[in-house]
Amino acid sequence: MDRFASVEQLKGVGEKSKKMLEKLEIYTIDDLLTYYPRTYRKFEDCTSTEKLKEGETVAVCAQAVRPLTVQYVKRMQITTACLSDGSGEVLARWFRMPYLKNTVLPGNYYVFYGKISRKGTSLILDQPAVYQPEQYEEMRKVLQPVYMLTKGITNHMLTKLIHQAMKEIDLSRDFLPESVRQSYHLAEYDYSMEEIHFPRDEHHLKLARERLVFDEFFLFILALKIWKERTEEKQSAFKMKRDELTDVIERLGYELTGAQKQVWAEILDDMTGGRVMNRLIQGDVGSGKTIIAFLAMILAARNEVQSALMVPTEVLARQHYEAFHRLAETQNLKICAVLLTGAMTAKEKRIAYEKISTHEADIVIGTHAVIQEKVSFDRLGLVITDEQHRFGVRQREALGEKSETMPHTMVMSATPIPRTLAVILYGDLEISTIDELPSNRIPIKNCVVNTSYRKKAYDFISREVKAGHQAYVICPMVEESEMIEAEDVISYTEKLKQELSPSICVEFLHGKMKPKEKNEIMERFLENQIQVLVSTTVVEVGVNVPNATVMMIENAERFGLAQLHQLRGRVGRGGDQSYCIMINGSENGSNQKRLDILNRSNDGFYIAGEDLKLRGPGELLGVRQSGAMEFKIGDIYSDAEILKKAGKAVSRIRKEDPELEQSCHRELKERMDFYMKNELKNLSL
Ligand SMILES: Nc1ncnc2c1ncn2[C@@H]1O[C@H](COP(=O)(O)OP(=O)(O)OP(=O)(O)O)[C@@H](O)[C@H]1O
């Protein structure tokens with residue numbers, strides 16, 4: 001069977017399951033094989049009911065003291081059981097599984113495996129899986145893979161399919177040269193694939209994972225180097241006249257920070273030096289990256305060269321567009337910017353296309369719509385992409401293809417990557433770091449509290465609103481769910497409307513809303529017509545409302561540290577004291593420890609480093625949460641050591657055999673060609 005054939009070739013995959021697998025981005029058998037487990041489950045020893053704690057996942061060996069009951073609550077069947085293991089009792093409940101009544105019989109012992117949650121004052125075992133005790137003992141011997149799922153696809157289904165694919169595909173060809181494998185003590189490819197999905201134990205899993213993480217970094221770094229070399233060959237840059245833009249900078253109304261000045265000088269040198277700029281601008285949340293992008297675009301416009309700024313969301317595109325418009329107007333810059341987003345009407349888009357192709361527009365600010373076929377530029381000389389990990393190489397190339405001369409490129413990233421790692425990853429790409437916040441900023445005051453603090457938090461928000469400020473409240477979910485106990489935007493908004501004075505306007509925002517509705521809400525929030533915005537993480541990237549001073553995050557334990565830092569970065573963007581209230585909805589000690597890191601510091605680089613220490617390098621059973629660089633299995637922070645090795649291995653190969661012509665590199669060359677064609681596009685830069 002061909003590794004790149006459709007998953008349909010596998011037994012049991014019909015039209016319906018094919019569609020569902022596509023939701024997980026599994027199209028081919030290869031996609032399936034490289035759909036690595038999110039984590040592994042090790043079945044614990046059984047716990048006695050006396051020792052149960054909220055938030056823990058436990059196994060309880062118990063019997064039902066009486067027949068199970070099935071009740072209807074809001075038209076949903078809920079099955080409950082009272083379980084006893086001799087030391088005490090605990091309630092278990094299942095949604096939509098009435099048949100358990102006939103399989104879980106009083107008097108027989110079973111192992112119930114699930115999470116303990118709280119219902120009122122008592123603890124409850126939620127949705128536990130049920131096993132025969134002997135079956136459970138067998139399962140405890142191995143690690144169980146846990147995959148990220150979607151509706152209609154179960155863990156069991158994926159496991160079975162991967163098992164089948166493993167049998168069908170020949171994995172014995174190893175593309176990594178033997179010498180590399182030996183030098184870095186890496187396991188064989190087929191062994192690693194087998195063990196990553198079906199590990200015998202933690203030791204084997206560790207070896208397998210190291211090898212696959214190495215592969216991922218190695219291929220990426222090598223591909224990037226080859227790609228850069230190839231593009232550089234055909235690069236001729238737009239030569240621009242030097243202009244310090246002192247007139248613009250002096251009238252900004254604030255002084256650029258030292259770091260901003262430094263980065264601007266670097267960009268100016270790049271853009272006027274005759275070489276094509278390829279620069280990554282890293283800066284912590286709120287460090288003022290946008291103005292740097294604007295300056296570069298103004299410089300281009302003054303040289304009669306067009307520029308494009310692409311951002312990941314509609315909301316952000318509009319915000320940048322309006323900010324630029326204001327700047328151009330107040331300074332009478334005579335530079336024309338147009339907005340181009342997917343949500344605009346066909347007519348609006350047509351007008352924008354026209355302005356771009358005739359060069360009436362100097363600057364285009366938008367979402368992915370900017371790279372659509374219909375957009376033709378006159379002289380596109382500068383491309384800026386925001387939030388690098390959301391734009392792939394292919395998209396950047398697509399933009400580059402719209403211009404005969406290679407445009408200068410700048411990538412703005414708010415996910416701090418330690419410089420040492422960035423250098424390995426991006427090779428000889430230039431990196432600028434804005435490591436200083438504007439001087440008018442007052443450090444954000446943080447607190448991590450439990451849900452009993454809510455009332456106080458609402459009073460606090462009311463006071464801030466009275467003083468003319470605004471607040472965000474973040475919830476992890478859009479709508480209420482029976483399965484997950486977490487706050488949701490819709491019911492929370494209703495609740496807040498009751499809790500707060502009617503004079504305070506509370507509205508919600510989430511990703512499932514229509515673009516037009518989202519824009520309208522954001523605009524009203526920006527104009528302070530809405531004082532409290534209840535939102536999902538759609539506000540996470542780049543939203544800039546300096547008048548907002550409170551960020552309250554419900555179920556903070558459900559977010560990764562990098563994400564929480566980004567969310568918090570939505571406040572403290574003006575000269576007023578701002579606050580971040582993180583509500584920890586669990587009693588689990590390790591969550592508290594994680595959140596304490598944010599409580600202690602507002603520095604993104606420090607947080608990334610502490611996160612790394614807390615998780616430890618190469619941690620196997622943790623959920624990925626760094627948010628930076630979306631590799632399938634590798635995590636640049638916790639796998640930093642492997643990243644360094646991969647960087648070294650690439651340098652060695654490049655020195656010994658840059659064209660991969662030697663016979664020992666034949667498999668690698670094949671793999672690389674495929675990678676360049678099909679996979680690089682999914683990764684940043
Ligand atoms: N040197 C400065 N002095 C004072 N204010 C500044 C300075 N530079 C930028 N600002 C202001 O700081 C706010 C945040 O800047 P900006 O939106 O560029 O942040 P950012 O780096 O893009 O952050 P994020 O990654 O969170 O979006 C803006 O309101 C901007 O006008």
Side-chain angles (χ1 to χ4, degrees), residues 245-246 248-265 267 279-298 309-313 315-331 365 384-390 410-417 432-444 469-470 472 474 522 525-528 537-549 551 562-576 578 580 602-605 607-608 627-628:
L245 301 187
T246 355
V248 181
I249 294 171
E250 272 172 3
R251 287 185 291 153
L252 284 176
Y254 52 78
E255 167 141 14
L256 290 184
T257 62
Q260 282 172 318
K261 283 182 193 158
Q262 169 70 27
V263 173
W264 170 232
I267 293 169
R279 191 169 278 280
L280 172 74
I281 315 277
Q282 285 205 72
D284 206 348
V285 285
S287 60
K289 294 182 285 295
T290 315
I291 186 64
I292 299 297
F294 287 177
L295 291 176
M297 298 198 293
I298 296 169
L309 170 63
M310 284 203 296
V311 294
T313 66
V315 165
L316 211 51
R318 204 163 274 273
Q319 176 187 296
H320 283 330
Y321 169 74
E322 270 152 24
F324 186 83
H325 200 74
R326 272 196 304 277
L327 176 73
E329 208 153 72
T330 47
Q331 298 216 10
I365 298 176
I384 304 175
T385 58
D386 191 316
E387 278 308 303
Q388 43 116 11
H389 54 279
R390 313 240 173 146
M410 220 164 104
V411 178
M412 318 280 272
S413 168
T415 318
I417 303 175
S432 296
T433 308
I434 310 184
D435 52 3
E436 186 183 349
L437 292 181
S439 60
N440 64 344
R441 300 286 163 77
I442 308 168
I444 298 171
H469 299 306
Q470 290 161 277
Y472 297 94
I474 305 295
M522 269 326 288
F525 189 58
L526 190 62
E527 280 162 20
N528 200 0
T537 54
V538 284
V539 298
E540 178 191 342
V541 256
V543 168
N544 188 38
V545 181
N547 191 45
T549 53
M551 167 60 71
Q563 204 175 15
L564 287 168
H565 180 60
Q566 279 291 327
L567 285 168
R568 173 171 63 185
R570 297 314 108 209
V571 297
R573 298 173 79 87
D576 297 305
S578 293
C580 178
N602 290 322
D603 174 346
F605 284 93
I607 290 165

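Counting starts at 1 for both ligands and their atoms, in listed order.
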Using a 3.5 Å cut-off on N or O atoms only, is N440 in polar contact with ligand 1? no
Can you find an N or O of P546 that's nearer than 3.5 Å to an N or O of ligand 1? no
Aromatic contact, H320 with F324 (centres under 6.0 Å): no
Filtering R441, Q566, K289, H320 for the heavy atom nearest atom 12 (O) of ligand 1 leaves R441
Could you measure the distance from the [atom1] atom of [X] to the [atom2] atom of [Y]? Nearest 0.5 Å is fine.
X	Y	atom1	atom2	answer
I384	F294	CD1	CZ	9.0 Å
S432	M412	OG	CE	10.0 Å
H325	R318	NE2	CZ	12.5 Å

Given side chains that start at C-beta, do those of [X] and [Y] come closer than 4.5 Å, heavy atoms only?
X	Y	answer
N602	D284	no
L327	L252	yes
V543	Y472	yes

Measuring from non-hydrogen atoms of G283 to any atom of ligand 1, is the shortest distance under 4.0 Å? no
Whether G569 lies under 4.0 Å from ligand 1, heavy atom: no
Contacting atoms of ligand 1, where contact means under 4.0 angstrom from a heavy atom of [X]:
X	value
T257	1 (N)
E255	1 (N), 2 (C), 3 (N)
L256	1 (N)
G288	9 (C), 15 (O), 16 (P), 18 (O), 19 (O), 20 (P), 21 (O)

